[in-house]
Amino acid sequence: MLNRLYIDNYKCLVNFDVKPDNLSLFLGDNGSGKSTVFDVLSKLQTFIGGNGKVDQIFESSDLCRWQTSKIQSFELNIESPNLGGEFLYRLTIEFTESGEKNRVREEQLLFQGEPLFEFKMGEIQLYRDDRSAGPKYPFDWSSSGLASIFPRNENKLLTWFKDQVQKMFIVHLIPPVMEEETGEHGETSLLKMGENFVSWYYSISQDQGLVNRLTNVLRDVIEGFDSFKFEPYGKRYLLLTRFYSENSSNVLSYRFSELSDGQRMLIVLYALLETAREGNYIYCLDEPENFISLPEIQPWINALQDVCYENRSQAILISHHPELIDLLASHSFWFERPNGLSTRLYQLPQASEKDLRVSELIARRWIDHE
Amino acid sequence: MSKYTEIVILCEDLQQGVFARTFLIKCGIIRQRIRIVPLPAQGGGEGFVRKQFPLEVQAYRRMMNKKNIGLVVMIDADTRSVGDRFSELNQALLESGMDLRKPDDRIGIYVPKRNIETWIYYLKG
């Protein structure tokens, strides 16, 4: 579970500190910095996953425009209930005046306050799980040192952290860009807009229990839905969705791309939900209610809430939808940029039955957080 | 947070809302600063206005010292007198344990008699 995220000198996020709960809702005006938080998580995930160098992931144009500092800092606190402790990951990037040859100034991973990994001044110091000092060696300043560490028997803690970071789903789903076929290989992570959903689903569909659960729930959610089928298509597979027809004894097959935006959205949302039941996933969902009809929003949120409260996974949502806002107002963080500068976070006051709905107060910009 | 709702219109139906909104825009209020309280399907009727009135007064009073706001209430007289409608709204406040409208509250109550169509007919000449 992501206990805390600290960001300094990234766009509108300056000395920004947020401590999400099992289920949290980010609220605020357009441009208040909500999605920027997700952008940072996505960049950290890419960096720690070793999928790019500093210059490819962190750009000098992302430095806060009204600050002169060339130092950008991030901290992630991730708790592991199974390991009984909390990890703290720190990353400091130093940008040069020219915007080239930016480098890692410091990268550090601690568990329960004790170091597992340190990368400073171009030198890595490793520590074993028993906290004894391991090897020390020079490393390229332009990449994540943590990403370069291979799993070993003596670094299981470090490996758990790296795996956990890759179990974050940071998405803003857009059904029209979702492809109808797999890639040539299955994919274990879902792209930001869900473009590769079919490939990702192909990978997770190896788990028959998950497929059965998803099929059953979709039969309740989508009128006439029967099942999925992968059909060979050259070296790839097409995802077919099969529906019962009242006028025919046969099951009718439709390509995934032939479904409506809302139907595709429901399928992806419930696939994420069923994956969440497997445990220890962190979902960062930007406007998940887009495209789906009003009666479908609350049942999905309620199911997500159940999963999160059972501590199986964590969800952080961004939404402007009244239904979602009024349901989750008590779990929300209000984002605001006083005078158009740095984002500040506020808690919404507790509302009573004599108050207007939070969504109505937001619509009026009458949020009273002081 | 500067572009907030300045005038809230609590009314019985969309027709009243359009009338009040147009009037306020003519008075110089910026269109984006006016908000009509969402109406129930089929319109709210006078029952909706009476029920919602205490909530709106409470929300107004919480915010009145922080923002430049006002509340416009429209309720048809129908077959009742204007005084009856004022009494009903006062009663709704008392039943909610709230103070009655004070002279410095920026809460305007408009009671078209018999109803808004008469006003539209009159203004169209």
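Sequence lines set the chain letters: A, B, ... in the order given, protein chains first and strands last, and positions in each chain run from 1. Computed from heavy atoms alone, side chains included, the values below leave out hydrogens, waters and symmetry copies.
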> Does CZ belonging to B:F23 count more than 12 external heavy atoms closer than 6.0 Å?
Replying inline: no

> Can you find a pair of side-chain heavy atoms, one from A:E360 and one from B:R35, that are under 4.5 Å apart?
Replying inline: yes

>> So if I take each residue of residues 80-88 of chain B and look for any heavy atom under 4.5 Å from a heavy atom in chain A, which residues do I end up with?
In response: none

> Can you check salt bridge (Lys or Arg N to Asp or Glu O under 4.0 Å) on B:R62 and A:D368, steps first, answer last?
Replying inline: CA-CA 9 Å; B:R62 278 196 178 169; A:D368 185 17; over 6 Å; no

> Do B:E56 and A:L356 pass the side-chain contact (heavy atoms from CB on, under 4.5 Å) test, and can you show the C-alpha distance, the side-chain angles, and the key distance before you say yes or no?
Replying inline: CA-CA 8 Å; B:E56 291 297 339; A:L356 297 179; 3.6 Å; yes

> Do B:V8 and A:W366 have side chains that get closer than 4.5 Å, going by heavy atoms?
Replying inline: yes

>> Using every non-hydrogen atom in the two residues, find where A:A363 and B:T5 come nearest and quote the distance to one decimal.
In response: O-OG1, 4.0 Å

>> If you count heavy atoms of other groups shown closer than 6.0 angstrom to NZ of B:K51, is the number above 12?
In response: no

> Taking the side chain as C-beta and beyond, is there a heavy-atom pair between B:M63 and A:L361 under 4.5 Å?
Replying inline: no

N/O donor to acceptor pairs below 3.5 angstrom from side-chain atoms of residues 18-27 of chain A, sequence neighbours left out:
from, atom 1, to, atom 2, distance (Å)
A:N22, ND2, A:C308, O, 2.8
A:N22, ND2, A:N311, OD1, 2.6
A:S24, OG, A:D21, N, 2.8

>> Within a 6.0 Å radius of atom NZ on A:K192, are there more than 12 heavy atoms belonging to other residues, nucleotides or ligands?
In response: no

>> Using a 6.0 Å cut-off, check whether atom CZ of A:R357 has over 12 heavy atoms from anything other than its own residue.
In response: no

